[in-house]
Enquirer: 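One structure is given below, represented as structure tokens, and several questions about it will come after.
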Amino acid sequence: MNQIYINKAIGQLLVVGFSGKQITSEVKELMQRYHVGGIILFSRNLGSPSEILNLTTDLQREAKKAGYLYPLLIGVDQENGMVRRLGEGTTIFPGSMAIGATDNASNAYHIGFATGKELLGLGINWNLAPVLDVNNNPDNPVIGIRSFGESAEKVAQFGREAMKGMQDAGIVTTLKHFPGHGDTNVDSHLLLPTISHDLQRLEEVELKPFKECIAAGADTIMSAHIYFPAMEPKEGLPATLSKKIITNLLREKLGYRGVVTTDCMEMDAISKTIGTENGAVAAIKAGADIIMISHTFERQKGAIEAILNAIDAGALDQDLIVEANKRIQGLKENYLAWGKIKFDNVNVPAFVGGNEHKALAKNVYQNSVTIVKNNGLLPLSTNQKVLAVYPESRSLVQVEEEHNMGKNLGETVREYQSFATIKQMDDLQSMDQMVQKAKQYDAVIVGTLTNSSRSREIIFIKKLIESGVSVVVVAMRNPYVLGYFPEVPAYISTYENSPPALEAAAGAIFGKEEAKGRLPVTISGLGYK
């Protein structure tokens, strides 16, 4: 077979990332010399909408100059909610668990469609979403509110609608993380998780959303860096590198004929075990089509060289490269064409960050915010003396990025009660003194972002309750924290700390908005759902 064809076919299997808001010399080399098939963008690449559109246009211009048959796949993790790459000038849409809390799957479709429109309007043609993980482990550090809920049926239904919405907008979608990342208590960015359930349980829960979305026309599926001993006898071998999972289960048993992409091969579960470059070869042997290397130029080039060397040494069948390339080109043919890309007089469409999308998002947020518990404390009167204590905005896992945090809870409370006292949690010099001062207020609103019972936020809330203070807890991420203080008089879950979610919560606290959400997970031992 023609070596030039094989070299280009190998390049098409690579999706690479880079730093900066302009195309780099390294990316140009990867495109001109290796014909890499796609680019993944992160917040580090994404400025204003016009900057994003200029970058994606430049990337496609470089690909056309390099003689690509089809345009680049340009992808992004725009799950919305806590995993949101787009920034200022674009619409803040609710994430999966917030949408799940609306109990209305049509919201998943409409948010998916609007998200897809904005992405495509900025030259991004591939979304690494929706998340089909069933979050049935309250201690899961990396999925949690990225999931639609704990019910396999709900995740399947909402995931299918989200997928169809993005597809109808013209966006390539990705179901992740196969065969399921919901029941882990380890972040695969840092360690290799293990899910030890038997095959029957996996069929009934973890695999159900994937099976239903495959039947509905999945574009791509992302593998999980997780070890499943029920399906893979080799100890410690993650799904990404397992032929029994990617080929035997996904392709043969479930009948999936589309593109399989790995999660990033620089995550510690791969890079600190088999290694990124060797992992790329192993993933192709397992049945993966796209090898995602999100950060390091040397590892990106090294993976291509490792694949070439493996073919030359007879350790990798080049027919696997050919078949993978056919699936990738078929995907591109379905979605991408040079005639769809405008290279001159490029302008950001008005609907990006426009009023129609903002109104849609606001409506879904208002239907998602959930008053989980209220012992007669809510609504508060705007005449009451209120203290609002909020934590410093921060990311808890690597997949989340700092720029997503936005307006804090204290500022949002002030919009409803201008004389409210607001304090940041980290500014409290003496927690016991603050608890004593809190007794002077009619109510204390405390926001939480934590996953830990040992956090400053949880300790402070417990001390307030023990002192007889009327407390309203706003869980701005993990809804399960109610389990740490079940006696709290009022508890609201927003599922994220984005400004529209906090505005909907503050409106509900002061009786200006109706909180219509329903908890999509069970808080163990309390009966809340």
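On a predicted model such as this, the values are computed, not experimentally measured, just so you know.
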Enquirer: Just to verify, what does Phe148 make a ring-ring contact (aromatic ring centres under 6.0 Å, His included) with, not counting sequence neighbours?
Expert: Phe158
Enquirer: Can you check whether Met222 reaches Thr262 side chain to side chain, under 4.5 Å on heavy atoms?
Expert: no
Enquirer: So which pairs with a foot in residues 113-125 pass side-chain hydrogen bond (donor to acceptor under 3.5 Å, both in side chains), sequence neighbours left out?
Expert: Asn80-Thr115, Thr91-Glu118, Glu118-His357
Enquirer: Give a yes or no on whether Gln433 atom CD has more than 12 heavy-atom contacts from other residues, nucleotides or ligands under 6.0 Å away.
Expert: no
Enquirer: Less than 4.0 Å between a side-chain N and a carboxylate O, is that true for Arg146 and Asp133?
Expert: no
Enquirer: Does a donor on one side chain and an acceptor on the other come within less than 3.5 Å for Asn104 and Thr102?
Expert: no
Enquirer: What distance do Thr174 atom OG1 and Leu128 atom CG have between them, rounded to the nearest 0.5 Å?
Expert: 4.5 Å
Enquirer: Return yes if a side-chain donor-acceptor contact under 3.5 Å exists between Tyr365 and Glu496, otherwise no.
Expert: yes
Enquirer: List in chain and number order the residues that pass ring-ring contact (aromatic ring centres under 6.0 Å, His included) with Tyr491, two or more places apart in sequence or in another chain; answer none if no residue qualifies.
Expert: none
Enquirer: Taking 4.0 angstrom as the limit, do Lys208 and Glu212 come out as a salt bridge?
Expert: yes
Enquirer: Is Asp77 paired with Arg85 through a side-chain N to carboxylate O contact shorter than 4.0 Å?
Expert: yes
Enquirer: Are any of the side-chain nitrogens in Arg61 or Asp344 under 4.0 Å away from the carboxylate oxygens of its partner?
Expert: no
Enquirer: Show your reasoning for whether side-chain contact (heavy atoms from CB on, under 4.5 Å) applies to Phe510 and Val413.
Expert: CA-CA 9 Å; Phe510 289 100; Val413 167; 4.1 Å; yes
Enquirer: Ion pair present between Lys512 and Glu503, side-chain N to carboxylate O less than 4.0 angstrom?
Expert: no
Enquirer: Using distance alone, with no hydrogens and no angle criterion, decide if Thr370 and Tyr495 have a side-chain donor and acceptor under 3.5 Å apart.
Expert: yes
Enquirer: Scan side-chain atoms only and decide if Gln22 and Asp58 contain a donor-acceptor pair under the 3.5 Å cut-off.
Expert: no
Enquirer: Give a yes or no answer on whether the side chain of Asn45 reaches the backbone of Gly20 with a donor-acceptor pair at less than 3.5 Å.
Expert: yes
Enquirer: Kindly say whether Leu53 contributes a backbone atom to a donor-acceptor pair with the side chain of Thr56 at under 3.5 angstrom?
Expert: yes
Enquirer: I'd like to know if the side chain of Asp263 reaches the main chain of His225, judged simply by a donor and an acceptor atom lying under 3.5 Å from each other, with no hydrogens or angles considered.
Expert: no
